[in-house]
Amino acid sequence: MKRGINIAILGRGTVAQGVIKLLKRNRRLIEKKVGATLSLARVLARGTRKQKDIQLPARLLTDVPDEILSNPDIDIIVELIGGYEPARSYILKAMEAGKDIVTANKALLAVHGEEIFARAQKHGIDIGFEASVGGGIPIIRTLKEGLAGDRNRALYAILNGTCNYILTTMEESGEDFHKALASAQQLGYAEADPSFDINGIDAAHKLAILVLLAFGTRVRLKDIYTEGIRHISRMDITYARELGYKIKLLAIARHDNGKIEARVHPALVPLHHPLASVRGPYNAVFIDGEALGSTMYLGQGAGMMPTATAVLADIIEIARNRLHGKSLRIPPLGYPIDSLGRLPVRSIDDLKSDYYLRFMVLDRPGVLAQIAGILGSSGISIASVIQKEDRDGNTVPVVMHTNAAREKDLKQALARINRLKVVKAKSVYIRVVDFATP
Ligand code: HSE
């Protein structure tokens, strides 16, 4: 065997523990594939629980970052701390010392990716980030290599395991939002701050990364329209089902007429579409390619061991590059940094979509006509209506499915409808996705 590769891990959380376990469990297999020994040299583990969480010899553990970042014996640094700082500074420092990087940090790459990827290119550093999107689904490699020859037209994805778990549990077990969130947290799917999950921010971070790879263009996080699932009620899940749809938190990116659409929001997905059958903490990425047509990639999007497999795949690729020379390596984003574009991002107000609408109204003659009148005067046509009988003596839900309408027109109409005396709660609107080719 040739010389060995030394790895250091920054962090002691769930994914770090998974990587340590998997490295141990599959050591011989991995070494056979790489053709060299792969050793875990150090783990940066701060805090008092470090000994208990990670079953490792004490000599491997340190709480001094510099014992790792500039240690000449270490080849690959695996950043699993999460968050912006100190993760960013540690990565930049390690790159300067010539270390290759593996990271699962989607928030960091979505916000500081430009700086990090440029620095990696400058120093000739490998940077692997398969674990940052889709947990165990090898979607980064798929976009970078498998789909390299095609022109992607659209991408629709379920990128947050916590939200998909919550929506599935609400639908199938009838649990309320808070109970479903608590069990997602217990199962280790949620971020340290679960508002990143349920407000759609985690999915937006991941979408920003996928857009780079799928369309070769940068999008700023603030340009990604982002809406979470807090306002989704079981009532809406039930009505959506009646209309032939499931509600999913989707991350959508489309390349259309020289512009990019990039948005994260709950959406009605037709029951027959493969994304509708993605349950629990699973993630899925559905890609529409010009030559290939549609493909979908499905797998566990969160959790210790699925995410660890993605980290290990990066470690293996980088170890091979180190051992056999880096000259043939694929650029981390599939494109040289300088060739990435910055296409304009379409405003959500310009979106044309069908909508699911729910109004809570007094059960009186003429109410439906008032609502339909306002929608009609804004050029919004109604495809179907559901109105159940009076439930509590006063208010009833009226559910509508509209034909394609412009979002700006819809919002204006809803603002007028919400001012009607007969409307007793803020009206709900959820976009219906038709998966049409851009
Ligand atoms: N909190 C994330 C999720 C974990 O729920 O999908 C993986 O990024």
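Remember, it's 1-based here, ligands and their atoms both numbered in the order they're listed.
- Applying the salt bridge (Lys or Arg N to Asp or Glu O under 4.0 Å) test to every pair with at least one member in residues 89-107, sequence neighbours left out, gives these pairs: Asp66-Lys93, Glu96-Arg119, Asp100-Arg322, Asp100-Lys326, Lys106-Glu191, Lys106-Asp202.
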Which N/O atoms of ligand 1 sit under 3.5 Å from a protein N/O, and at what distances?
from     : atom 1 : to     : atom 2 : distance (Å)
ligand 1 : 1 (N)  : Tyr189 : O      : 2.8
ligand 1 : 1 (N)  : Glu191 : OE2    : 2.6
ligand 1 : 1 (N)  : Asp197 : OD1    : 2.7
ligand 1 : 5 (O)  : Asn160 : ND2    : 3.4
ligand 1 : 5 (O)  : Gly161 : N      : 3.3
ligand 1 : 5 (O)  : Thr162 : N      : 2.9
ligand 1 : 5 (O)  : Thr162 : OG1    : 2.6
ligand 1 : 5 (O)  : Tyr189 : O      : 3.1
ligand 1 : 5 (O)  : Asp197 : OD1    : 3.4
ligand 1 : 6 (O)  : Gly161 : N      : 2.7
ligand 1 : 6 (O)  : Lys206 : NZ     : 3.3
ligand 1 : 8 (O)  : Lys106 : NZ     : 2.5
ligand 1 : 8 (O)  : Lys206 : NZ     : 2.8

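- Sorted by first and then second residue, the side chain to side chain donor-acceptor pair (under 3.5 Å) pairs with a member in residues 133-143 read Glu130-Arg141, Arg141-Asp314, Arg141-Glu317; sequence neighbours excluded.
- In summary, the side chains of Arg254 and Tyr156 do present a donor paired with an acceptor at a separation below 3.5 Å, with no hydrogens or angles considered.
- In this structure, Phe435 and Phe286 have perpendicular ring planes: the angle between them is above 60°, well past the 30° mark.
- For the 3.5 Å distance criterion, the side chains of Glu407 and Tyr355 qualify, holding a donor opposite an acceptor.
- Partners of His112 according to the ring-ring contact (aromatic ring centres under 6.0 Å, His included) rule, which considers only residues two or more places apart in sequence or in another chain, are Tyr84.
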